[in-house]
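Okay, structure first, notes after.
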Amino acid sequence: MAGTIAAAGNNSRGVTGVAPGAKILPVRAMSFCGGYTSDIADSIVWAAGGVVTGVPVNPNPAKVINLSVAGASACSATYQNAINFAHNSGAAVVAAVGNSNKSAADFSPANCQNVIAVAASDRAGARTYYSNYGSNVDVTAPGGDMRTDPLSGILSTYNTGTTGKAEPAYAFVQGTSMAAPHVSGVAALLISAQGGSLAPATLEQQLKDSARPLPGGCTGGCGAGLVDAAAALIAYDGNPPVAPSPATKITDFNGDGKPDVLARDTAGALWLYPGNGSGGWLAARQIGSGWNVMTAIEAPGDFNGDGKADVIARDSKGALWLYPGNGSGGWLAARQIGSGWNVMSAIEAPGDFNGDGKADVIARDGNGVLWLYPGNGSGGWLAAKQIGWGWNVMTAIDGPGDFNGDGNADVLARNSSGGLLLYPGNGAGGWLAAKQIGWGWDVMTAIEGPGDFNGDGQMDVLARNASGNLFLYEGYGSNGFFRSYQVGSGWNIMNAIL
């Protein structure tokens with residue numbers, strides 16, 4: 001639970017917590033041998049700054065108290081009195097609703113008053129098979145579902161001991177106990193953004209108001225929806241919880257904080273497929289027509305520096321155009337930003353490839369020379385420079401952003417044998433040693449990196465086969481791909497995917 005809330009980030013180790021800058025106040029309420037309700041109640045009171053007989057006063061009262069514990073019983077007076085004390089002292093109490101696939105109203109302490117009760121969702125964004133449900137659930141958060149895939153749990157810090165402390169480790173686990181600390185972490189972010197005087201009732205309402213519908217659906221009642229850290233911070237602080245790295249490829253075209261996909265059909269219509277943040281789609285809508293005059297289309301991220309995702313396109317005369325995104329799935333007036341680009345056999349956008357904080361473009365000419373066109377941050381270029389040769393052996397090139405998680409933008413390329421190669425960027429416009437991360441990719445007719453499409457913090461790849469089936473390859477950092485699964489069919493009517 002502590003790791004999910006506040007594990008240290010940006011250290012190339014293990015996991016990062018929801019609020020990695022938060023401070024943990026560890027309070028041991030029970031042991032492996034169990035404990036009493038009165039023990040938990042005393043721990044709540046002490047954590048909130050109250051007096052517990054025989055224990056020194058807590059000098060650092062908590063602002064959020066996470067209770068990853070649930071029992072089949074009514075809310076006792078012991079629980080309620082302790083929770084009321086914490087609530088009145090300014091501490092938000094977050095509780096797991098339990099794992100019995102029953103009404104959450106029958107499980108304490110989540111059924112007490114002045115508690116933020118949390119149900120659990122699976123990877124698809126649906127209520128998990130085990131999570132309790134009902135009208136007293138406030139919000140839902142990721143809890144994992146390891147029935148068919150042990151890697152579909154929640155990965156966090158762990159300890160290998162079974163009867164006492166042993167070696168520290170990481171492990172996948174599941175339960176509403178894992179969902180509650182996700183909410184506690186977002187609560188910590190909101191308090192950090194707005195100040196320690198943020199009232200628990202106000203905090204709870206902000207979590208509810210910024211939640212989004214469960215993309216996988218919910219039966220029985222999942223509260224206000226899936227907790228959404230980015231939406232909460234945008235609504236109540238003006239900024240998402242973590243600003244994207246310059247190496248992150250921004251593909252959020254409609255401004256909802258989730259990566260999207262654009263596709264052009266054979267009639268020249270351009271379609272927006274809004275991502276749901278967990279590897280699926282919301283309803284597609286047409287956002288342009290007449291795009292069949294374009295011989296290349298690419299999504300470079302925020303190319304003009306206004307914070308919104310843009311599109312560049314080359315017409316049949318070799319002119320390159322910038323279509324500035326308006327942040328809501330449409331465009332501002334297009335303008336020409338280049339000419340003579342018909343000599344290029346591939347145009348790709350990896351994000352910030354040279355480490356100057358601005359989105360760049362790479363292009364391969366007819367001789368197989370690869371060029372870097374450094375963006376100037378306002379929709380234009382600095383002087384191009386050659387960064388590779390012999391790239392005419394590659395049958396596909398894509399810029400997925402920071403694929404290996406080292407903070408630098410990378411490039412993927414498929415060779416004529418169907419091997420998929422990762423070219424790790426060095427952050428200064430060059431490469432580290434290439435590494436093969438896939439085989440048999442010659443069956444794919446399109447390869448595109450949409451950013452972090454499934455919401456797990458890793459860059460992903462979409463690929464279409466000859467039958468028109470679209471697959472999501474979940475990125476797994478430098479190790480390549482975590483797994484793949486089909487996310488669409490009938491995509492052979494699309495002649496461009498970006």
Side-chain angles (χ1 to χ4, degrees), residues 149 151 247 249 251 259 261-264 273 275 279-281 296-299 344-351 353 361-364 366 368-370 387-406 408-425 431-454 456 458-498:
D149 183 359
L151 300 183
K249 187 174 177 180
T251 57
V261 170
L262 299 181
R264 179 186 63 187
Y273 287 78
W281 322 94
I297 309 173
E298 182 60 25
M344 299 299 179
S345 59
I347 302 172
E348 293 297 329
F353 194 69
V361 168
I362 59 175
R364 180 186 62 189
V369 175
L370 197 66
I387 57 172
W389 52 90
W391 280 69
N392 43 7
V393 302
M394 300 299 179
T395 58
I397 304 173
D398 184 65
D402 177 20
F403 188 76
N404 65 355
D406 66 355
N408 302 319
D410 308 315
V411 169
L412 297 176
R414 179 186 63 192
N415 62 25
S416 56
S417 300
L420 191 67
L421 300 169
L422 169 65
Y423 286 79
W431 319 96
L432 304 177
K435 170 185 177 182
Q436 186 165 348
I437 59 171
W439 295 259
W441 282 69
D442 46 347
V443 302
M444 298 299 179
T445 58
I447 302 172
E448 185 60 38
D452 176 19
F453 197 69
N454 65 353
D456 66 354
Q458 304 280 1
M459 298 297 106
D460 305 314
V461 169
L462 290 169
R464 178 189 63 194
N465 65 17
S467 300
N469 297 322
L470 194 67
F471 292 86
L472 175 64
Y473 285 78
E474 297 182 334
Y476 199 35
S478 60
N479 293 319
F481 300 105
F482 182 51
R483 65 174 182 172
S484 64
Y485 51 92
Q486 187 173 335
V487 293
S489 59
W491 280 71
N492 43 7
I493 66 170
M494 300 297 179
N495 57 25
I497 302 172
L498 56 148

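Note that the coordinates shown come from a computational prediction; the quantities given were computed from them, not determined experimentally.
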### Query
What do the steps show when you test Leu420 against Phe481 for side-chain contact (heavy atoms from CB on, under 4.5 Å), and what is the final call?
CA-CA 11 Å; Leu420 191 67; Phe481 300 105; 3.7 Å; yes

### Message
List the residues meeting side chain to side chain contact (heavy atoms under 4.5 Å, CB included) with Leu432, not counting sequence neighbours, and say none if there are none.
### Response
Pro424, Asn426

Using 0.5 Å steps for rounding, measure from the [atom1] atom of [X] to the [atom2] atom of [Y].
| X | Y | atom1 | atom2 | result |
| --- | --- | --- | --- | --- |
| Leu421 | Gln436 | CG | CD | 5.5 Å |
| Thr395 | Ile447 | OG1 | CD1 | 7.0 Å |
| Asp398 | Asp410 | CG | CG | 11.0 Å |
| Lys435 | Leu422 | NZ | CG | 7.5 Å |
| Tyr423 | Ile362 | OH | CD1 | 11.0 Å |
| Leu262 | Ile297 | CG | CD1 | 8.5 Å |

### Task
For Asp149, enumerate each residue passing the salt bridge (Lys or Arg N to Asp or Glu O under 4.0 Å) test, keeping only those at least two apart in sequence or located in another chain.
Arg483

Can you name the nearest heavy-atom pair linking [X] to [Y], along with the distance?
| X | Y | answer |
| --- | --- | --- |
| Gln458 | Gly475 | CB-O, 3.3 Å |
| Gly401 | Met459 | C-CG, 4.5 Å |
| Asn408 | Gly425 | CB-O, 3.4 Å |
| Tyr485 | Gly279 | OH-CA, 4.2 Å |
| Ala299 | Ala349 | O-CB, 3.5 Å |
| Thr251 | Pro450 | OG1-O, 2.5 Å |

#### Entry: Aromatic ring pairing Tyr273/Trp491, orientation class (parallel under 30°, perpendicular over 60°, tilted between)
tilted

#### Entry: Side-chain (Trp441) to main-chain (Ala413) donor-acceptor, under 3.5 angstrom
no

### Backbone of Met494 reached by a side-chain donor or acceptor of Arg464 within 3.5 Å
yes

Side chains of [X] and [Y]: does their closest heavy-atom pair fall under 4.5 Å?
| X | Y | value |
| --- | --- | --- |
| Val261 | Glu448 | no |
| Phe453 | Val487 | no |
| Leu412 | Ile437 | yes |

### Summary
Test side chain to side chain contact (heavy atoms under 4.5 Å, CB included), reference Phe471, set Leu462, Val461, Asn465, output is Asn465

Can you name the side chain to side chain donor-acceptor pair (under 3.5 Å) partners of [X], sequence neighbours left out?
| X | result |
| --- | --- |
| Asn415 | none |
| Ser484 | none |
| Asn392 | none |
| Ser345 | Arg364 |

